[in-house]
Every structure is written in structure tokens, then in C-alpha cells.
Amino acid sequence: MDGKVLLAGYEEKMDKTIEALKRDFSSVRTGRASTSLLDRVMVDYYGAATPIKQVANVSAPEPTLLTIVPWERNILGDIERAILKSDLGLNPNNDGTMIRLEIPKPTEERRKELTKKVSKYAEESKVVIRNIRRDANDSIKKMEKGKEVTEDESKEIQDQIQKLTDKKIKLIDELKSKKEKEVMEV
């Protein structure tokens, strides 16, 4: 197997980790209403856990308000229960046709909790990136032992993997600081 192909495969895995981190960050509540806040909330829809966006129209008509209009009125209660069970800390207001979610400005204490959550997500992603690096290095060392690559090629590929890892971890740190700044904004 060519080292560049191997490197591209591991870079793709790292990119998927970054995308997962972005999704995690989008679920962290700031003071602004964002429809992505509900991405992880699942509704029991005919016995299957389904994302809210697949059973209703979700919109943010105002900076501090989300509205959820289900396609079938009979699942309003299920959506309401799913939001209450989620870790968002929001109280849905059901008027019989739609659910309104007021997004309150988080308190100073809540913002600090949210920055800890952001840091936790970032650290978990860094661990995943480092595990990918370890797997890549192990694969290269096996290839070297099996005489598929020379010692020089092995060192060169490992250096490239390290540079890639450093680049992705730097990106995670940038995303983390951006999100923390967003969360701490009053």
C-alpha cells in the first residue's frame, strides 16, 4: 500500500472527527436561537427515535425564539417531552399547533458550565485525533517490518502524520476558543 494513500485515509478520519466536533459545538446553547440546537433531540415517532427536523419545521423567527411546527399535530406532546428530557434546559410552550422555545440569556454560572462542556468536547476530539495518529504509526511500523516500505519512507510518513495531527489539533483549539468566546458573550 502506498504511504500517500494511507495518509489520505487517516486524514479523512481526522476530518470526520472535526465534523463531529462541529456538530457537538452546534448543540451547545448560547444566548442566540439556532435551529441546530435541536439537532440531537430525538422524538419517539411511531416507535422510532427520529430527529425533530424530520417530523417538523423548525425556525428561528427572532434571535431568542425557536418555533417548531410539526407536520402531524398528534406528535406535539412527543416533541415537547423530548425537549424536556434533553439536556438543553429549555421549557417548551405548546399552544396546540406549534411549540415555542424561548432561549434565555444564560447566566454567568451557566456560561461557565457551557465553556467546560465545550472544553470537554474539544479534549475528546483531540484524544480521537491522537488515537488515529497512533493507529497510523502502528500501520506504518507493520509495513516497515513487512518490508513494504523502507525505514526512510516510514520515518517520512510518520513525520507527515505528526504534522497532520498538529494541524488538526490546532484547528480544534481554534474552534474551541471561537465557541468559548461565543458562549461567554453577553
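What's counted below: heavy atoms across the whole structure, side chains too, no hydrogens, waters or symmetry copies. Computed from a predicted structure; not experimentally measured.
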Distance (rounded to the nearest 0.5 Å) between N137 CG and Q158 CD: 4.5 Å
Between S154 and D152 (side chain of the first, backbone of the second, donor and acceptor by atom type, cut-off under 3.5 Å), is there such a pair? no
Verify the neighbour count for atom CD of E151: are there more than 12 heavy atoms of other residues, nucleotides or ligands below 6.0 Å? no
Could you go through the side-chain contact (heavy atoms from CB on, under 4.5 Å) check for L37 and L66 one step at a time? CA-CA 9 Å; L37 205 56; L66 283 177; 4.3 Å; yes
side-chain contact (heavy atoms from CB on, under 4.5 Å), that's the test. Do I68 and I83 meet it? Break it down for me. CA-CA 11 Å; I68 304 164; I83 293 168; 3.5 Å; yes
T17 vs S125, side chain to side chain donor-acceptor pair (under 3.5 Å): CA-CA, chis, key distance, verdict: CA-CA 6 Å; T17 302; S125 294; over 6 Å; no
Evaluation steps, side chain to side chain donor-acceptor pair (under 3.5 Å), between Q160 and E156: CA-CA 6 Å; Q160 289 175 350; E156 176 61 32; 3.2 Å; yes
Out of curiosity, L38 CG to I99 CD1, how far, rounded to the nearest 0.5 Å? 9.5 Å
Rounded to the nearest 0.5 angstrom, the OG1-CG distance for T67 and D95 is 10.5 Å
In short, T97 meets L76 closest at the heavy-atom pair N-CD1, 3.7 Å
Start with the C-alpha gap between K22 and E19, add the side-chain angles, then the distance that decides, and say whether salt bridge (charged side-chain N to carboxylate O under 4.0 Å, His left out) holds. CA-CA 5 Å; K22 287 178 182 176; E19 289 306 310; 3.7 Å; yes
Heavy-atom closest pair, residues E102 and L90: O-CD2, 3.8 Å
Salt bridge (charged side-chain N to carboxylate O under 4.0 Å, His left out) between K126 and D173, intermediate numbers included: CA-CA 9 Å; K126 287 180 184 180; D173 287 335; 2.6 Å; yes
d(N93 CG, E80 CD) to nearest 0.5 Å is 8.5 Å
Where L84 and N91 come nearest, the two heavy atoms and their spacing: CD2-OD1, 4.0 Å
How far does NZ of K120 sit from CG of D24, to the nearest 0.5 angstrom? 8.5 Å
Flag the pair D15 and K168 as a salt bridge only when some basic side-chain nitrogen lies within less than 4.0 angstrom of an acidic carboxylate oxygen. yes
Could you tell me whether D78 and R81 have a side-chain N and a carboxylate O separated by less than 4.0 Å? yes
Salt bridge (charged side-chain N to carboxylate O under 4.0 Å, His left out) between D39 and R23, worked out: CA-CA 8 Å; D39 284 352; R23 279 193 307 277; over 6 Å; no
Inter-residue atom distance L65.CG - L101.CG, 0.5 Å rounding: 8.0 Å
Please check if M98 and V55 belong to a single hydrophobic cluster, counting links between Ile, Leu, Val, Met, Phe, Trp and Tyr side chain heavy atoms closer than 4.5 Å. no
Among K117, K116, R110, which residue satisfies the side chain to side chain donor-acceptor pair (under 3.5 Å) criterion with E113? R110
Side-chain touch P92/R100, heavy atoms, less than 4.5 angstrom: no
R134 vs N131, test: side chain to side chain donor-acceptor pair (under 3.5 Å). Steps then yes/no. CA-CA 5 Å; R134 187 195 62 227; N131 287 341; 3.1 Å; yes
Shortest non-hydrogen pair, I79 vs P70, comes out as CD1-CB, 3.8 Å
Checking K167 against E11 for the side-chain contact (heavy atoms from CB on, under 4.5 Å) test, could you report, in this order, the C-alpha distance in whole Å, the side-chain angles of both residues, the deciding distance, and whether it holds? CA-CA 11 Å; K167 184 174 127 187; E11 183 172 14; 4.2 Å; yes
Check R111 with E108, please: is the shortest side-chain N to carboxylate O separation under 4.0 Å? yes
Keeping E12 on the side-chain end and G9 on the backbone end, is there a donor-acceptor pair under 3.5 Å? no
Are Y10 and I169 connected into the same hydrophobic cluster when the rule is that any two of I, L, V, M, F, W, Y join if their side-chain heavy atoms are below 4.5 Å apart? yes
Where the side chain of S119 meets the backbone of T115, is there a donor-acceptor pair that is under 3.5 Å apart? yes
Taking the side chain as everything from C-beta on, heavy atoms only, tell me whether M143 gets closer than 4.5 Å to L6. yes
Within one Ile-Leu-Val-Met-Phe-Trp-Tyr cluster: L175 and Y121, side-chain cutoff 4.5 Å: yes
Side chains of W71 and N57, heavy atoms from C-beta outward: is any pair under 4.5 Å? yes
R130 atom CZ: more than 12 heavy-atom contacts under 6.0 Å: yes
Just by distance, do the side chain of K176 and the backbone of A122 share a donor-acceptor pair under 3.5 Å? no
Just do the side-chain contact (heavy atoms from CB on, under 4.5 Å) check on I172 and I18 with the steps written out, would you? CA-CA 7 Å; I172 289 172; I18 302 285; 3.5 Å; yes
Closest non-hydrogen contact found for T50 with Y45 is OG1-CB, 3.6 Å
In sequence, state the C-alpha distance, the side-chain angles, and the governing distance for K112 and E109, and then conclude on salt bridge (charged side-chain N to carboxylate O under 4.0 Å, His left out). CA-CA 5 Å; K112 286 179 180 173; E109 184 180 320; over 6 Å; no
Would you say that V128 contacts I132 through its side chain, given a criterion of any heavy-atom pair below 4.5 Å between the two side chains? yes
Taking all non-hydrogen atoms of both residues into account, name the closest pair between M14 and R133 and its distance. CE-N, 4.3 Å
